[in-house]
Every structure is written in C-alpha cells, then in structure tokens.
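Worksheet for the structure shown next.
First listed ligand is number 1; within each ligand, the first listed atom is number 1. Note that the coordinates shown come from a computational prediction; the quantities given were computed from them, not determined experimentally.
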Amino acid sequence: MQDFDVIVVGAGVAGASLATVLGRNGKRVLCVERDLQEPDRIVGELLQPGGCRKLVELGLEESLKGIDAQNVFGYGIFLRDKRTKVYYLPREQQAFTAEQAEEAASFSRNMCVGRSFHNGRFVKNLRNLAMREKLVMLVEGNVCDLILKNTKTNTETETDLAGVEDHSSHFVVTGVKYKTKQGNIVSVRAPLTIVCDGCFSRFRSKVNKAAEFKVFSYFVGLVLENCTLPYPNFGHVILGDPAPVLFYPISSTETRCLVDIPSKFMQQEGGSWTTELYMRDIVAPQLPDELREAFLTALSKGKYKMMPNRVMPARPASLPGVILLGDSFNMRHPLTGGGMTVALSDIFLLNQLLSPLPDFGEWDCVDRALREFYRERRKYCSTINILANALYSVFCATGSEESDEMRSACFDYLSKGGRLATDPVSMLGGLQSSPYLLLTHFFAVALYGCGRQLKYFPNMGRIRTSWCLFRHAFNIVKPLIDDENVTFLSKIPISHI
Ligand SMILES: Cc1cc2nc3c(=O)[nH]c(=O)nc-3n(C[C@H](O)[C@H](O)[C@H](O)COP(=O)(O)OP(=O)(O)OC[C@H]3O[C@@H](n4cnc5c(N)ncnc54)[C@H](O)[C@@H]3O)c2cc1C
C-alpha cells in the first residue's frame, strides 16, 4: 500500500483514534509515530464520562479493556477542614453497582461514569486497534518536515515559511518527510495531512500563524501506592494554597497525585525553593490526613515528573492540505481532565464530515467540511474549555479577599447539591454542553458570594467586597468567552464593568 488519502502525524490519543476510524471508513491512512513503545507520562489518565461515550460511539471501547481501568463517579472537593462529594449525575440516576458500572462504562452510551488508567496502556491499546485495520499503516518515524508545494511556481519546498506574508495564498501541504529509526529520510505524499503531534507540537506555528499558547502553571505528578482515597472511585480536588492538588486512581493499587504550581509562583520564588521542599512544606500540610502519609512516602522516593499546563484556544489551520487536531490544535487547563474528551469529540465530528467525501484531493469540498467542523465543535468544546480555565482561576488562592470569597462561594455552592452541583459537574464530564448554562452557573456562584456578604448588614465594606467579587468573576470569564468566540457577553467592553 503506497498511495494514501491521509497522513496522520503522531499516534497518541488523537492520532491513533483518528487513524483507526478513518481506516474503517475506507480511507488509506499512513500514521507516523515518533516512538511506538508504551508511553510513560503523567497526562491523559482520566477519561471523563463524555469521553467514554465518544469512545463507544467511535467503536474504540476495546481500548479500555485489560488495562486495570478504574471507574470514576464524580469528585470529592476539599477546602480546609470542609469536604463534599459531587456526582456526574444526580444520585438517583446512579442506580447501579460497581460491577454494572464497569460493564456499562465500556459498552453503553448512556452511562455517566468516567474511567481512569495508565495513559501509556490506553494509548498502546489505541495503537493496536489502528494496527489491526487493513487500510491503516502505522510506522515508527520522527516527522521532521511538511512538504509544501508553491502553486504559483509549481515547485516543492520545505516548511520554512518565514518572511512569506500570506502563505495560505499560494502554498499547499502535499505530504511529510520523516526520519526512520535507521536514520533514513522518507518522503510521503497525500492530499490531506492531519497533525496530531501533541502539546509540544513542532508544526503548530507553521500550519497556523495565529496559534499562541500560555503556560498557566505546571503539574508535578507522583504515584501513591496502595493508598485508600477518602472517597474511593472519585477524583479528589484539594483546594490548596496557592493552587489545587488532584488525586485519582489509575489502577487498582495506584493513585495519581498532580500538584499544581502556578507559573507566577515559580517565577517569583525561582531558585529559593526546590520542588521537593515545596511539596513537603507547602503542599503536604494542606492535604487531608488520610492522604498525607502516602503522599510523603511517594515524595521520599523522588520519582516525580513535571509537565507545563498550556492553554490555547482553537484556531483553524491557515494552510490548505493540512489541519491540526488534539493538543496541537486546542488546549485547556488539565485541572478538569477535559483534553481527551475534546480530542475524541473532535474526531467523532471530523470523521462524520470527512468520511463521506470520495476524495480529499478536492480541496473545496474538504474546506467546506472543515468550516462546518470548526463551527459545529464550538458548543461542546468551548463548554469544557471555559469551565476548565475558569475553574482553575477560581480554585487558585491569589491572596485577595475577592478571590478567597469566590473560591469559598464556589465550594459552598457545589456542596448544596442538586442541579447546583450536577449541572457544572456534568458539563465538566462532557455529559452536557452549553456555554450559556455554564455562564449562568458561573455568575450564580458570584451572586451567591455577593449575597453572603450582604445578607446581614450591608455596610460599605461588604458592598465593596461584593462589587470586587463580581468584577473578579467577570474578569475571569470575559477573556475566556472572547477566546472561544462565544457571542454571549463578548460584545460588552471590559471597561464597562
Ligand atoms: C499534566 C497533564 C495532565 C492531563 N490530564 C488529563 C486527564 O486526566 N484527562 C484528559 O482527558 N486529558 C488530560 N490532559 C490532556 C491530554 O493529555 C491531552 O489532551 C491528550 O493527550 C491529547 O492527545 P494528542 O493525541 O493530541 O497528544 P498526545 O497524546 O501527546 O500524542 C502526541 C503524539 O505525537 C507523537 N509525536 C510528537 N511529535 C512527533 C513527530 N515529530 N513525529 C511523529 N510523532 C510525533 C508523540 O510521540 C505522541 O505519541 C492532561 C494534560 C496535562 C499536561
């Protein structure tokens, strides 16, 4: 098989899934992955229930089998000495045993259970599914260049577009060059290249000049052995100072801990502390008693990994013949574990739009499908993106009175249960998507915080705090709405608040 309809760069969560579904739909796919060994990473370990559903809809549910994946029913949230538990859906709808949930989470579209696991085992299963497809060729190689054709001169060139003002007007991507393990450079061509090379994407800026990311913070990941979580089969969010800490099971004997260190904190303190000291002296004392011992034991082994938490709104690719997908296309703070759900949802939609096309060589038809893709994905993905980034800002302790009030109001709001908890948590889990509903809850939290200030005697100090709290909430969410191009509120200039 030498002629390809599509080249997929990277066989991570997005690339391997995409290659399989396109192959099943009759497309000849070449997928090039830099390293086919089982990855060992701290990313992509909790697949939200919405992502599990997408996996089932894509026919990839087998990838969750045989990897000791654990059920996740919702979140335990901890703020100082208070704790609360929230489910993805109301309790009365969770009428199933753990065994039923196990079975159903893999096979039913209607279940509301997330799954957590070792990312490497999951990715390996996804790659095995791709390799089983007759029309998919998965090869090991490091993609080093995109091949471009200058349509004016009809000549091929490499990816250095520096100095070309509007490169989209006369350049088209016609394939890739990759380096094999033996050091040979191979050139392959196809009418469409889909770049899924992850958060450290090498080709993002070449394909899309508008793509810009920010590093909000860093996650330091540890594995705790044989530790019993206060709420078994729940994700745990500890609202620490200065930033949250996460715990969730990744196998029947292991618990992942992710400690967030804000970028600002790292820059300010840089050099005067080490990661170990930060974890031992700042983080450990704030953890629930049940987790502290296991955390310190894991820390003493010195085996931890660090990853930057990048945030980048989705922007359409600006070169014909190529698109970005997965983390190379769109990133949000990983606090809510939404990345794989967004990637799988994008693949589901893109596959629906591209598979009926007989030939990807007709760029006008592909372009039309892509425009629809960028429009249609927005509602689902922007709900997850805005929620992740907004919640991260709310959950961080900045030291100001209004941010402290907002964080505590958010905790108490979720603790009230009912729709006040399940709406936000089901949006986080990818089970419900509506930016409007999300904003309604976001501002309801802010108003709830203001109400708590004013409910006794509304003196000038309390009125001022309420005003600052509301303005703080608005300032968090407004740029996120703008980034996601959600029209509601985005017309209000920030100076009006
Ligand atoms: C700390 C952290 C924790 C996270 N936790 C979660 C979570 O719990 N749940 C969740 O849903 N999301 C989580 N995410 C986000 C999630 O990991 C990503 O959204 C997801 O992995 C994106 O999949 P991807 O295929 O785009 O990228 P990846 O899974 O990173 O795959 C990219 C692939 O491309 C390959 N590649 C790269 N360059 C080349 C090249 N030049 N040539 C060939 N191959 C190449 C890589 O080897 C890799 O296999 C987390 C992110 C971070 C940073």
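- Contact of the L428 side chain with the I384 side chain is not registered, since no non-hydrogen atoms from C-beta on lie closer than 4.5 Å.
- Checking E140, E33, R34 against atom 48 (C) of ligand 1, the nearest heavy atom belongs to E33.
- Here is the list of ligand 1 atoms found below 4.0 Å of a heavy atom in L46: 7 (C), 8 (O), 9 (N), 10 (C), 11 (O).
- Heavy-atom minimum distance, N208 versus R315: ND2-O, 2.8 Å.
- A cation-pi arrangement is present between K27 and F360 under the rule of less than 6.0 angstrom and at most 45 degrees off the ring axis.
- Heavy-atom contacts of C196 reach the following atoms of ligand 1: 32 (C), 33 (C), 34 (O) (cutoff under 4.0 Å).
- Contact record, R280 with L299: N-CD2, 3.9 Å, taken as the closest heavy-atom pair.
- Within ligand 1, counting atoms from 1 as listed, the ones closer than 4.0 Å to a heavy atom of P308 are 53 (C).
- In the vicinity of I42, heavy-atom distances shorter than 4.0 Å reach the ligand 1 atoms 3 (C).
- Taking only non-hydrogen atoms, the option from G338, G198, A14 nearest to atom 27 (O) of ligand 1 is G198.
- Protein heavy atom in closest approach to atom 11 (O) of ligand 1: M340 N, 2.8 Å.
- For R310 and F213, the positive end sits near the middle of the six-membered ring, less than 6.0 Å away and at most 45° from its axis.
- Checking Y248, F247, Y87 one by one against F234, the ring-ring contact (aromatic ring centres under 6.0 Å, His included) holds for a single residue, Y87.
- Near D327, meaning under 4.0 Å from any of its heavy atoms, are these atoms of ligand 1: 18 (C), 19 (O), 22 (C), 26 (O).
- If you check which protein heavy atom lies closest to atom 31 (O) of ligand 1, you get G12 CA, 3.3 Å.
- Judged by the shortest distance from any of its heavy atoms, N142 lies inside the 4.0 Å radius around the atoms of ligand 1.
- When hydrogens are left out, the protein atom nearest atom 1 (C) of ligand 1 is F219 CD1, 3.6 Å; that is the closest non-hydrogen contact.
- Scanning both residues, P334 and N309, for their nearest heavy atoms gives CG-OD1, 3.2 Å.
- The number of heavy-atom neighbours closer than 6.0 Å to CD of E212, taken from other residues, nucleotides and ligands shown, is 12 or below.
- In terms of protein heavy atoms, atom 52 (C) of ligand 1 is closest to V43 CG1, 3.5 Å.
- Remark: distances from the non-hydrogen atoms of G51 to ligand 1 are all 4.0 Å or more.
- With respect to atom 6 (C) of ligand 1, the closest heavy atom belonging to the protein is G44 N, 3.2 Å.
- Within ligand 1, counting atoms from 1 as listed, the ones closer than 4.0 Å to a heavy atom of R127 are 49 (O).
- Within the 4.0 Å heavy-atom criterion, neither part of S201 lies near ligand 1.
- No part of V342 comes within 4.0 Å of ligand 1, judged by heavy-atom distances.
- Protein heavy atom in closest approach to atom 23 (O) of ligand 1: V13 CB, 3.8 Å.
- A donor-acceptor pair shorter than 3.5 Å cannot be found between the side chains of T383 and S433.
- Nearest protein heavy-atom contact of atom 42 (N) of ligand 1 is V143 N, 2.9 Å.
- When the heavy atoms of M307, R41, Q48, M306 are ranked by distance to atom 30 (O) of ligand 1, first place goes to R41.
- Nearest protein heavy-atom contact of atom 15 (C) of ligand 1 is G339 CA, 4.0 Å.
- Aromatic rings of H333 and F395 (six-membered ring for Trp) have centroids beyond the 6.0 Å cut-off, not under it.
- The atoms of ligand 1 that sit less than 4.0 Å from any heavy atom of G326 are 26 (O).
- A 6.0 Å sphere centred on CZ of R371 holds no more than 12 heavy atoms belonging to other residues, nucleotides or ligands.
- Electrostatic pairing of K54 and E57 counts as a salt bridge here, judged by a charged N lying under 4.0 Å from a carboxylate O.
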(request) Start with the C-alpha gap between H236 and F78, add the side-chain angles, then the distance that decides, and say whether ring pair (Phe, Tyr, Trp, His ring centres under 6.0 Å) holds. (result) CA-CA 8 Å; H236 290 57; F78 298 70; 5.7 Å; yes
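- In this structure the side chain of L344 reaches within 4.5 angstrom of the side chain of L47, judged on heavy atoms.
- Per-residue contacts place G10 under 4.0 angstrom from the following atoms of ligand 1 (heavy atoms of the residue considered): 34 (O), 35 (C), 44 (N).
- Under a 4.0 Å heavy-atom criterion, N309 is in contact with ligand 1.
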